[in-house]
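Chain letters run A, B, ... following the sequence lines, proteins first and then strands; every chain starts at 1.
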Number of protein chains: 2
Amino acid sequence: MWLRASTREERGGPPLSRQRIVEEAVALLDEEGADRLTMRRLAERLGTGSTTLYWHVKTKDDVLDLALDAIFAAVRIPEGAEWRAGLTALIGDWRATLLRHPWSAALLGRPMLGPNVLARSDFLYATLVRAGVAEPHLTAAAFGLSNFVIGSALMEATWLVNADAETRDAAREHMDHQRDRYPALAAHGPLTAADDWDSSFERGLNWLLDGVEATIATG
Amino acid sequence: MWLRASTREERGGPPLSRQRIVEEAVALLDEEGADRLTMRRLAERLGTGSTTLYWHVKTKDDVLDLALDAIFAAVRIPEGAEWRAGLTALIGDWRATLLRHPWSAALLGRPMLGPNVLARSDFLYATLVRAGVAEPHLTAAAFGLSNFVIGSALMEATWLVNADAETRDAAREHMDHQRDRYPALAAHGPLTAADDWDSSFERGLNWLLDGVEATIATG
DNA sequence: CGGTCTCTCGAACAACGATCCGGTGGAGGT
DNA sequence: ACCTCCACCGGATCGTTGTTCGAGAGACCG
């Protein structure tokens, strides 16, 4: 009764809200990873009971959807830039954001319909249209660019961020032990000289943009 | 005692083995989806107790890793084809396989080091090398192509296969209701004329391959 | 003061991954 | 024929998870 911390001042911090839950969820995911996100742990960090969260949020999946959309607020939408420079900036920011929150890569397999994602997708389509890209190249360009970022971030997060050094070393040894079975992979594979992810990404992105640009002239 | 079905003939089917577990896991995943895969349910389909599985397999994650690699056995490795035709065939098969087992897309965020995946990656590198692609274009090409397939399959599986009709309709209505907020997306977005995923994929793939091909001549 | 609405939380439930430990059956030796 | 051994099996059980239920506490309105 008198021991219970029931008033807001006693619990400390601002009142609970959907936004505060999502902010803390992102922080928890950043610090401990996806598998450590528990409704109980999240509630504990917020100083409340675990079941209280369900008043502000319907399910745990909702928390994940909201957290996933929240991080895309950091992706700046370029203004006034030429189309190719604008898209390069947007997609670079997109990739950097996904890598800054490595847990996000594993969540990309769910529908992304949050306002932040939609606004950036809208910019992508609008920029392509203004650049003169028409169907059927338009859909192919938007899909291709999005999928390229998603795939890159997914693979990069898998190997560079999520995997601990122990896993990476085991993988390297695993490959070394089967060097004769996968010769090309052992000689040129990603585990040999893997520190140029950035320039590899940039190269692939430019190939795509070159292809898109070529469709503008020819129609 | 006498009621217990303890001999192999009474339990029916061949003796339990790692391979049989993986086969049944793939079948279960195909029929019911990723979240329905339970050690108990899997054991039930195999006619054994759930704890028996742990004799053949260390953890549930191992089952997932094995199932993920198993489906790549269906990706044919082209022989004797010209490099660009060979890569087009391999990547097309790759994408088709991922889409035939939609649960696989969500699992791509884990290290893929199984023999089937490694053999196909080796073919990818070997083909690029034989075509005359050298560093730094080689890594960029291998990464770019892989990431493009992965991203495409992930997004496509999310929207076309995993999402039920109800979710898709809700998404369409959601977009329709905010038509003024995302004008370009509403006019040209993926939910408007979404039935050309195949040709969009082919277009994007050709942009990438064009870029790779251009690096061969110039070095 | 009474009533209603918003918000909080302890207790509880079903399901899950995983482990412990006691089996069971058949192959191989003697 | 008997024993031993060991690959293989599974019932009971533990700790944890997402989620529900119902009982409240506090604020605001009449």
For the pair made of NZ in B:Lys60 and P in D:dT17, what is the distance, rounded to whole Å?
15 Å
Would you please name every residue forming a side chain to side chain contact (heavy atoms under 4.5 Å, CB included) with A:Asn116, sequence neighbours left out?
A:Asp69, A:Phe72, A:Ala73, A:Arg120
Under the salt bridge (Lys or Arg N to Asp or Glu O under 4.0 Å) test, which residues partner B:Arg40, sequence neighbours left out?
none
How would you label the contact of A:Leu37 with the nucleic acid (heavy atoms, under 4.0 Å): base, sugar-phosphate, or nothing?
sugar-phosphate
Whole Å only: how far is the CG atom of B:Leu28 from the P atom of C:dC16?
11 Å
Nearest-nucleotide pick for A:Thr52, side chain only, options being D:dT19, C:dA18, C:dT8
C:dT8
Just how far, in rounded Å, is P of D:dG11 from CD of B:Glu44?
12 Å
Give B:Thr38 one of three labels, base, sugar-phosphate or nothing, depending on what nucleic acid heavy atoms sit under 4.0 Å from its own.
sugar-phosphate
Taken to the nearest whole Å, CG/A:Leu46 to P/C:dC9 is 11 Å
Could you state the CD1-C1' distance from A:Ile21 to C:dC9, rounded to the nearest angstrom?
14 Å
Closest to the 5' end of DNA chain C, once A:Arg40 and B:Arg41 are matched to their nearest nucleotides, is A:Arg40
Start at the 5' end of DNA chain D and walk down; is the nucleotide closest to A:Lys58 or to A:Asp35 reached first?
A:Asp35
Between atom OH in A:Tyr54 and atom C1' in C:dA12, what is the gap in whole Å?
14 Å
Which of B:Val75, B:Asp198, B:Ile150, B:Leu205 passes side-chain contact (heavy atoms from CB on, under 4.5 Å) with B:Arg95? Answer is B:Asp198
Kindly say whether, by distance alone, the side chain of B:Ser50 makes a donor-acceptor pair under 3.5 Å with the base of D:dG10?
no
Rounded off to whole Å, could you give me the CG-to-P distance for the B:Leu42 and C:dG17 pair?
10 Å
Taking CH2 from A:Trp55 and C1' from D:dT19, how many angstroms apart are they, rounded to a whole number?
16 Å
